Colleague: 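Dropping a structure here in structure tokens format, bear with me for questions.
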Amino acid sequence: MATNYEPADPIAKGVIPASKQAFLDLFKWKQRVVITNELGEEHTVWQAPERLKNPFSLMAQLSLRDWVFFFVGWFAWMADAYDFHALSIQTKKFSIYYDTSKTAISTAITLTLLLRSVGAVVFGLLGDRYGRKWPMVLNLFILGALQIATIYSATFEEFLGVRALFGLFMGGIYGNAVAMALENCPPDARGFMSGVLQQGYSFGYVLAAIVNLAVGTEVESWKNVFWIGAGLSFLAGFLRCCFPESKQFLEAKAAGKRITVTDFWIETKLMLKNEWALSIYCIILMTWFNYYSHTSQDSYTTFCLQQKELDQGAANRASILMKTGAVVGGTIIGWFSQWFGRRRSIIVSALLSGALIPAWILPEGERALSVTGFFMQFFVQGAWGVIPIHLSELAPAAYRSTFPGLTYQLGNAISSPSAQIVNAVSESHFVRSKSGKLVEAYGPTMAVATAIIVMGIVVTTMFGPERLGRTFEGGPIGANIHHDEEKVIDNGSDGKPSVEVRDTKA
């Protein structure tokens, strides 16, 4: 059935005109959409957002196969997050174990985040060229081995070296996991499923915090947390082995639509040449977002222990409830963005998290910190819940594995010193606690940094692009091929274009 659309001005060319147009579009309810007809002609129209659908009806749109692919992608991302946070939530234990400062321990976090971008490039390209399956399996098995190697690191230098290698292989997970999980989702379910997928990261944090609470406060108990992390990575790798390759990649391969490594690099260069502004924009956006999450969460347990003087159990429980808010918020706002818009959802969530900063930092006691931490991370990860689908919609069609992973991890690399900065500033400045003691100023440091980051996210998002509703079927990953369906525009009797989707498969 044809659907009527209102004609719109074409997407502006050039950075400044496009930014101005994007800013003005933010205040228009309808979405500016580019549609290509069977002759390759592009038309720009205004498209009203679809009504918000019941999330259970959205989930029902996924077939069993879709759910399997989504779950494996989610589980891999969750295991990846667990492995990372197994270190960040145990900074104090590590500082005692290696007899060094918390700032020195956070160097390992910096190295992990810095080298993730290298892994994103290597394994993202392998995923686009050779498929999702085996690059992800290799990643997960090596991550499990490196978790075990961390346990047996006898010196601080060995520990830093292993964590640097861990970052290299950790970088390959995100892009392939996102592409695997979301490529097979029906278009109108992707906003909701994007939020669910992103919260695999938050669930990894929650699980690591629960395990940390269970193993107790003994210094060497951190090793038990890492053993479980290794098991999760190996399990995720075995799960991925049991299921087939991405449908889009298999279709392209069956049709003989394969390209050489040389051709692939040529296309990559063309992508960077033609999409340089988009690439830079997404890297900047991801830099802000990675500062956003790492600044507001990585030192939160330490903040509860050092400044709020909670015991280890209370600090862990507050952290668990904080990230439970992240799981709920990311899922809800990711779903909400399908109707409200990707950029508007990000901006409103960021502003609300900024407004909550005093309530997040000032309270005393486990209960108050847990409640305010829950709502703070509801909106922090609420904004994050939009990111997987937002990046996938912005990505050039043939690079949907490389582009989200690469931009995300480059943003991670730039923001990699975030935890180290928070620890360094906090350990050199002091405030008085409720008991009257001089304690490290984690609260004020996190508050000021988060406020700056919130404004950076809001301003960057206001002037950036959005491609809500973009179809993923038009370009199989790994080759610059376009088929599956066409959108044909005809002029009706009222002079307005109507769009009809036609299946072009044999």
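The structure presented is a predicted model; accordingly, all values stated were derived computationally and were not measured.
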Colleague: So, the side chain of Gln306 versus the backbone of Glu440: is there a donor-acceptor pair under 3.5 Å, distance only?
Modeller: no

Colleague: Test your reading of the model: is there a side-chain donor-acceptor pair from Gln377 to the backbone of Gly325, 3.5 Å cut-off?
Modeller: no

Colleague: Any idea which heavy atoms bring Leu369 and Leu310 closest together, and the distance?
Modeller: CD1-CD1, 3.9 Å

Colleague: Just wondering, do Val422 and Met446 contact through their side chains at under 4.5 Å, heavy atoms?
Modeller: yes

Colleague: Once the angle between the rings of Phe70 and Trp67 is folded into 0 to 90°, is it parallel (under 30°), tilted (30 to 60°) or perpendicular (over 60°)?
Modeller: perpendicular

Colleague: Determine the minimum heavy-atom distance between Trp77 and Ala177, stating which atoms define it.
Modeller: CB-CB, 4.4 Å

Colleague: Does the side chain of Pro444 come within less than 4.5 Å of Val431's, by heavy atoms?
Modeller: yes

Colleague: Of the non-hydrogen atoms in Gly411 and Thr287, which two are nearest, and what is the gap between them?
Modeller: CA-OG1, 3.5 Å

Colleague: Please report whether the ring centroid of Tyr97 lies less than 6.0 Å from that of Phe94.
Modeller: no

Colleague: So that I can tick it off, tell me whether Lys434 and Glu364 are bridged by a salt bridge, with the cut-off set at under 4.0 angstrom between side-chain N and carboxylate O.
Modeller: no

Colleague: Side chains of Gln420 and Thr107 only: does a donor on one sit below 3.5 Å from an acceptor on the other?
Modeller: yes

Colleague: Whether the Asp66 and Ser63 side chains hold a donor-acceptor pair (N or O, under 3.5 Å, no angle test) is what I'd like checked.
Modeller: yes

Colleague: Which residue is it: Ser418, Ser415, Ser416? I am looking for the one with a side-chain contact (heavy atoms from CB on, under 4.5 Å) to Asn290.
Modeller: Ser415

Colleague: Could you tell me if Ser296 and Thr450 have a donor-acceptor pair between their side chains, going purely by distance under 3.5 Å?
Modeller: no

Colleague: Do other residues, nucleotides or ligands put more than 12 heavy atoms under 6.0 Å from Arg65 CZ?
Modeller: yes

Colleague: Taking the inter-plane angle between the rings of Trp384 and Phe289 on a 0 to 90° scale, is it parallel (under 30°), tilted (30 to 60°) or perpendicular (over 60°)?
Modeller: perpendicular

Colleague: On the 0 to 90° scale, with breaks at 30° and 60°, tag the Phe226-Trp222 ring pair as parallel, tilted or perpendicular.
Modeller: perpendicular

Colleague: I'd like to check Cys282 versus Leu391 (side-chain heavy atoms, cut-off strictly below 4.5 Å). Are they in contact?
Modeller: yes

Colleague: Work out which heavy atom in Ser153 is nearest to a heavy atom in Val162; give both atom names and the distance.
Modeller: OG-CG2, 3.6 Å

Colleague: Quick one, Met59 and Met193 - any side-chain contact, counting heavy atoms below 4.5 Å?
Modeller: yes

Colleague: Within the supplied structure, the quantity of interest is the number of heavy atoms (other residues, nucleotides, ligands) at a distance under 6.0 Å from Phe375 CZ; does it exceed 12?
Modeller: no

Colleague: How about Glu218: does its CD atom have over 12 heavy atoms from other parts shown lying under 6.0 Å from it?
Modeller: no

Colleague: Does a donor on one side chain and an acceptor on the other come within less than 3.5 Å for Asp80 and Tyr201?
Modeller: no

Colleague: Side chains of Ser435 and Ser433: is there a donor and an acceptor less than 3.5 Å apart?
Modeller: yes

Colleague: State, with a plain yes or no, whether a side-chain heavy atom of Ser353 is found less than 4.5 Å away from one of Val454.
Modeller: yes

Colleague: Do Ile346 and Ile387 have side chains that get closer than 4.5 Å, going by heavy atoms?
Modeller: yes

Colleague: For Ile105 and Thr91, which heavy atoms make the closest approach, and how far apart are they?
Modeller: CG2-CG2, 4.0 Å

Colleague: More than 12 heavy atoms of other residues, nucleotides or ligands under 6.0 Å from CZ of Phe430: yes or no?
Modeller: yes

Colleague: I'd like to check Arg163 versus Thr112 (side-chain heavy atoms, cut-off strictly below 4.5 Å). Are they in contact?
Modeller: yes

Colleague: Side chains of Ile173 and Leu143: does their closest heavy-atom pair fall under 4.5 Å?
Modeller: yes

Colleague: Would you say the rings of Tyr205 and Phe84 are close, in the sense that their centroids are separated by under 6.0 Å?
Modeller: no

Colleague: So, does Tyr82 use its side chain to make a donor-acceptor pair with the main chain of Val225 at under 3.5 Å?
Modeller: yes

Colleague: Locate the shortest heavy-atom distance separating Trp288 from Ile452; write the atom from each residue and the value.
Modeller: CZ3-O, 4.1 Å

